[in-house]
Amino acid sequence: MHAPVAGTGGRARSGAMGPIGPYAVLRGLDDETSGIPVPEQRFIGRSADGDRTVLISVPLPGADPGRFLAEAEASRYLLGPWSSPATELAAPGDAPWYARPYLPAVPLPTALALYGGPLPERTVRALGAALVETLIIGHGQNLIHAGVSPAAVLLAADGPRLTCFGAVRAAAEDGTPRSGLPGLESGSLPPEQANGGRPHPMGDVYALGATLAYAATGYTVPEREELPPALRTVITGCLSRDPAVRPRPAELLDALSPLADDATSAPAPQAPAGSAAAPSPATVLDAAGNPAGRAAATLGPGWLPGRIIAALARQSAELLAATLPLPPAARQD
């Protein structure tokens, strides 16, 4: 699936938009011309006192608000530096929304538009290491992301953030075919989930492979020859239609962020019976049992192209200069 390279992301909307919860909307986040489905509507908002700027998500028109909020609530338990858990949710009975702290970031489709095409291999490797690290941590918590896609990935200067937790579950209940549903990008939807299957960890691996393929080629399901040679085996393995033969997340981390020759590894904790597999012994763990150091080593200066860094700086400057919309009564005066 081709990624249209057009536009540079969510500019402030021309018409006045009402507040979402306690936040005034400053601008949209996503580029509506990119052609890449987004599982939720996302906006940058600010509190009335001007002290807090947040990223707000609301469900797509026609989406089930109960499932949307249930997944947002579950995301509050996500750990790891590259996750994006909800920190605030709509009150019961209110219109559905959730928010988390804002940081300058652009969606992956916007990043390809800014760069003018597929991203450098170094960027794709660093992106993959951070995303798979996030999945390893989540699977260790028995949290299946079920929403990895190009639009779910936000690129910030210090590393990516994985959003849209539970988008597949929110789109339709298990047992209901999900292929073609609004907000779900077909190329990154695992075949078993497209047919209505319950999300499992290896579905996250498929979606990760499609997302990395998009970053590297502009397609979520490219021809093998279109992939960078050093990434072909990793990505095509993820995209296997048979979940049983897809690589384990810990194997992906070792492939995308190899250990230094002199690195030492700590023993991996044993997962409880029936839970997601723990990282392999080849994966270095921190004191909390998470593989956080591996991806961080790939995200040093230069991991993002300069054009994207410049866009993040512009976004930050624009929001610092933005003023809160006038309340309706003031606009009528």
Side-chain angles (χ1 to χ4, degrees), residues 1 9-10 13 15 17-23 25 27-45 54-78 83-100 102 107-110 138 143-154 161-200 203-204 206-207 210-211 220:
M1 181 174 293
R13 298 198 167 196
M17 183 173 180
I20 298 177
Y23 299 105
V25 173
R27 60 181 286 178
L29 178 71
D30 295 286
D31 178 8
E32 297 178 354
T33 68
S34 73
I36 299 299
V38 185
E40 55 195 28
Q41 295 178 299
R42 300 186 291 196
F43 306 93
I44 300 172
V54 297
L55 177 61
I56 310 166
S57 293
V58 300
L60 298 176
D64 185 282
R67 289 199 299 267
F68 173 83
L69 287 175
E71 296 300 334
E73 174 64 31
S75 81
R76 300 181 78 158
Y77 299 94
L78 291 169
S83 64
S84 185
T87 56
E88 189 176 1
L89 277 75
D94 288 353
W97 61 272
Y98 71 91
R100 57 277 201 197
Y102 163 79
L108 182 58
T110 301
L143 294 173
I144 312 306
H145 193 280
V148 181
S149 71
V153 176
L154 306 183
R161 299 297 188 276
L162 184 56
T163 70
C164 300
F165 179 84
V168 170
R169 291 184 293 261
E173 296 178 345
D174 295 342
T176 302
R178 301 182 176 100
S179 180
L181 290 182
L184 299 184
E185 200 281 316
S186 60
S188 51
L189 184 62
E192 63 272 19
Q193 294 176 20
N195 293 331
R198 180 180 180 183
H200 289 282
D204 283 349
Y206 182 97
T211 299
T220 48

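- Residues A86 and S75 come closest through the heavy atom pair N-OG, 3.1 Å.
- Atom CD1 of I20 is separated from atom CG of D94 by 12.5 Å, given to the nearest 0.5 angstrom.
- Taking NE2 of H200 as the start and CD of Q193 as the end, the distance is 8.5 Å to the nearest 0.5 Å.
- The local environment of CD in E73 is crowded, with over 12 non-hydrogen atoms from other residues, nucleotides or ligands closer than 6.0 Å.
- A distance of 8.0 Å separates CZ of F68 from CG of L89, quoted to the nearest 0.5 Å.
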Start with the C-alpha gap between Y23 and F43, add the side-chain angles, then the distance that decides, and say whether side chain to side chain contact (heavy atoms under 4.5 Å, CB included) holds. CA-CA 10 Å; Y23 299 105; F43 306 93; over 6 Å; no

Using the rule given for side chain to side chain contact (heavy atoms under 4.5 Å, CB included), can you reason through I144 versus R169, listing the C-alpha separation, both sets of side-chain angles and the distance that settles it, and then say yes or no? CA-CA 10 Å; I144 312 306; R169 291 184 293 261; 3.9 Å; yes

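- Two residues are said to be in side-chain contact when any heavy atoms from C-beta on lie closer than 4.5 Å; L154 and L29 meet this criterion.
- Under 3.5 Å, the side chains of R42 and T163 contain a donor-acceptor pair of N or O atoms.
- When every heavy atom of A167 is checked against every heavy atom of L184, the shortest pair comes out as O-CD2, 4.0 Å.
- Counting only N and O atoms by type, the side chains of S149 and E185 include no donor and acceptor under 3.5 Å apart.
- The CD atom of E32 sits 8.0 Å away from the CG atom of D30 when rounded to the nearest 0.5 Å.
- Listed here is the closest heavy atom pair of A95 and A90: O-CB, 3.3 Å.
- The heavy-atom pair separating E88 from P22 by the smallest distance is OE2-CG, 4.0 Å.
- Formation of a donor-acceptor pair under 3.5 Å by the N195 side chain with backbone atoms of G197 is not found in this model.
- Rounded to the nearest 0.5 Å, atoms CZ (R100) and CZ (R161) are 11.5 Å apart.
- Residues D31 and P107 fail the side-chain proximity criterion, which asks for heavy atoms closer than 4.5 Å.
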Stepwise side chain to side chain contact (heavy atoms under 4.5 Å, CB included) test for L162 and V153: CA-CA 5 Å; L162 184 56; V153 176; 4.2 Å; yes

Under the side chain to side chain contact (heavy atoms under 4.5 Å, CB included) criterion, do C164 and E71 qualify, and how do the steps go? CA-CA 9 Å; C164 300; E71 296 300 334; over 6 Å; no

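- Residue-environment remark: CZ (R76) exceeds the threshold of 12 foreign heavy atoms within 6.0 Å.
- Nearest heavy-atom pair, A63 versus P59, reported as atom, atom and distance to 0.1 Å: CB-CB, 3.9 Å.
- I56 contributes atom CD1, which lies 12.0 Å from atom CD of Q41 (distance to the nearest 0.5 angstrom).
- At least one donor-acceptor pair under 3.5 Å links the side chain of D204 to the backbone N or O of A146.
- The two residues A207 and V148 come nearest to each other via the heavy atoms CB-O, 3.3 Å.
- Aromatic ring pairs are classed by plane angle as parallel below 30°, tilted from 30° to 60° and perpendicular above 60°; the pair F165 and H145 is perpendicular.
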